[in-house]
Chemist: 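Got a structure here, written out as structure tokens. Questions coming.
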Amino acid sequence: MHTLLPALLAIGAAMLMALGTVLRQRASRADGRITGRWWIGALVAFGGFALQAVALGLGAVLLVQPLIVLSVLFALPIDHLLNGVAVTARQWLWGVLLAAGVGAFVVFARPVPARIGPQWWILVLVVSLLLGGLAAVLVYAERSPRAPRALIYGTVAGALFGIVAVLIHSIGQDWQHPTRVLVHPPLYMVAVAGLAAVYCQQRAFAAGRVQASFPAMTVAEPIVAMVLGMAVLGEKLNRHTWATAVSLLGLALMVTGVLRLSRLSAAKTRQSEARAAETG
């Protein structure tokens, strides 16, 4: 149960996050204004985040975060149903390969939660440095006229969500001691990083189509979370060499699947815009 329940919660979170993302992107305006439909998408996405938080409190970061990547796959049929965007055979192929990569990683990595113990200050220090670096990236995105803002904001948002996931996991280890949680900085860093992530996500949606930001966002989140989980929290992959190799191949396939889906969606979007310009 230490893996089954968190896995099911993570898959449910991925579904809600995909639905919330499509709804918010559809309702986002270039001038940054927030509409009523955007709030509906935000509530749905918050439900996904809540499920993810519970999953992180019960399971390892290395288990939960790769499953969240499935939101890219779930976004395909949702985008089709809500926006009428056709899903091609190549997209379904890469979607299946993406799911296979996630499955291979989860099954063969066999991650288990690791307690951070008294070393929480290391997490605070590392996260502080990361937040400073991400802030510098955002300054570049704002000042450079040639910066691909949708991609940059999407990547930064994903990195921030990955940081939030690790912080939530570390807090969840002490849920039985609420007074200890209240005096630890990670609790308040969650609020700062979470608000910054939502802001960057919204800026990414307003700066371009979902295909330009959502895949980068989805890849950056688990990568950052898993690196921090292993480097700071002490989580480890399966000790058997062959199992580790298979899990890493699954991780590579997962990332490749997201990137390929991004390119296919972007190419289809350009073709649609070209047809609309010809007929208009």
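Everything numeric here is computed off the predicted structure, so don't read it as measured data.
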Chemist: Ala204 and Gly154: which non-hydrogen atoms are nearest, and at how many Å?
Modeler: CB-N, 3.6 Å
Chemist: Once rounded to the nearest 0.5 Å, what's the spacing between atom CG of Leu58 and atom CG of Leu9?
Modeler: 6.5 Å
Chemist: Got Leu233 and Val166 here, is their nearest side-chain heavy-atom distance under 4.5 Å?
Modeler: yes
Chemist: Are Leu73 and Trp94 side-chain neighbours, meaning at least one heavy-atom pair lies under 4.5 Å?
Modeler: no
Chemist: Same hydrophobic cluster for Leu253 and Met226, using side-chain heavy-atom links shorter than 4.5 Å among ILVMFWY?
Modeler: yes
Chemist: At what distance, to the nearest 0.5 angstrom, does CZ of Arg203 lie from CD1 of Ile152?
Modeler: 11.5 Å
Chemist: Which heavy atom of Leu16 sits nearest a heavy atom of Gly47, and at what distance?
Modeler: CD1-C, 3.7 Å
Chemist: Are Leu19 and Phe161 connected in a single hydrophobic cluster, I mean Ile/Leu/Val/Met/Phe/Trp/Tyr linked by side-chain heavy atoms less than 4.5 Å apart?
Modeler: no
Chemist: Does the side chain of Ile78 reach to within under 4.5 Å of the side chain of Met15, using non-hydrogen atoms?
Modeler: no
Chemist: CG of Leu23 to CG of Leu43: how many Å apart, nearest 0.5 Å?
Modeler: 10.5 Å
Chemist: Start with the C-alpha gap between Leu98 and Leu261, add the side-chain angles, then the distance that decides, and say whether side chain to side chain contact (heavy atoms under 4.5 Å, CB included) holds.
Modeler: CA-CA 9 Å; Leu98 165 64; Leu261 284 174; 4.1 Å; yes
Chemist: Below 4.5 Å, heavy atoms only, C-beta onward: do Val106 and Leu67 meet side chain to side chain?
Modeler: yes
Chemist: Does anything in residues 54-78 pair up under side chain to side chain donor-acceptor pair (under 3.5 Å), and if so which pairs, sequence neighbours excluded?
Modeler: Gln52-Gln65, Gln65-Glu221
Chemist: Apply side chain to side chain contact (heavy atoms under 4.5 Å, CB included) to residues Ile223 and Leu251 and explain how you reach the verdict.
Modeler: CA-CA 9 Å; Ile223 295 299; Leu251 180 62; 4.3 Å; yes
Chemist: Taking side chain as C-beta onward, heavy atoms only, is Leu160 less than 4.5 Å from Cys200?
Modeler: yes
Chemist: For Gln91 and Thr88, indicate whether the former's side chain and the latter's backbone hold a donor-acceptor pair under 3.5 Å.
Modeler: yes
Chemist: When hydrophobic residues are tied together by side-chain contacts of less than 4.5 Å, even through go-betweens, does Val96 share a cluster with Val246?
Modeler: no
Chemist: Looking at CD of Glu235 and CG of Leu62, how far apart are the two atoms once the value is rounded to the nearest 0.5 Å?
Modeler: 4.5 Å
Chemist: Would you call Phe74 and Met17 a side-chain contact if the rule is heavy atoms closer than 4.5 Å?
Modeler: no
Chemist: In chain order, what residues pass the ring pair (Phe, Tyr, Trp, His ring centres under 6.0 Å) check against Phe49, with sequence neighbours excluded?
Modeler: none
Chemist: With a 4.5 Å cut-off on side-chain heavy atoms, are Val258 and Val69 touching?
Modeler: yes
Chemist: Of all the heavy-atom pairs spanning Trp92 and Val87, show the shortest one and how long it is.
Modeler: NE1-CG1, 3.2 Å
Chemist: Nearest 0.5 angstrom please: Ile163 CD1 to Leu131 CG, how far?
Modeler: 5.0 Å
Chemist: Taking all non-hydrogen atoms of both residues, which atom of Ala197 and which atom of Ala157 are closest, and how far apart?
Modeler: O-CB, 3.7 Å
Chemist: So, the side chain of His169 versus the backbone of Leu56: is there a donor-acceptor pair under 3.5 Å, distance only?
Modeler: yes
Chemist: If I take atom OG1 from residue Thr155 and atom CG from residue Leu134, how far apart are they, to the nearest 0.5 angstrom?
Modeler: 10.0 Å
Chemist: Looking only at heavy atoms, what is the nearest atom pair of Ala13 and Gly48, with distance?
Modeler: CB-O, 3.1 Å
Chemist: Heavy atoms, side chains only, cut-off 4.5 Å: are Arg149 and Ser144 in contact?
Modeler: no
Chemist: Taking it one step at a time, do Tyr153 and Gln202 satisfy side chain to side chain contact (heavy atoms under 4.5 Å, CB included)?
Modeler: CA-CA 9 Å; Tyr153 273 108; Gln202 181 59 21; over 6 Å; no
Chemist: Group every Ile, Leu, Val, Met, Phe, Trp and Tyr by side-chain heavy-atom contacts under 4.5 Å, then state whether Val124 and Val164 land in the same group.
Modeler: yes
Chemist: Would you say Ile122 ends up clustered with Val224 if hydrophobic residues are merged whenever their side chains have heavy atoms under 4.5 Å apart, either directly or through other cluster members?
Modeler: yes
Chemist: Give the minimum heavy-atom separation between Ala55 and Ala10, together with the two atoms involved.
Modeler: CB-N, 4.1 Å
Chemist: Arg90 vs Arg260, test: side chain to side chain contact (heavy atoms under 4.5 Å, CB included). Steps then yes/no.
Modeler: CA-CA 9 Å; Arg90 293 183 65 185; Arg260 289 298 301 173; 2.9 Å; yes
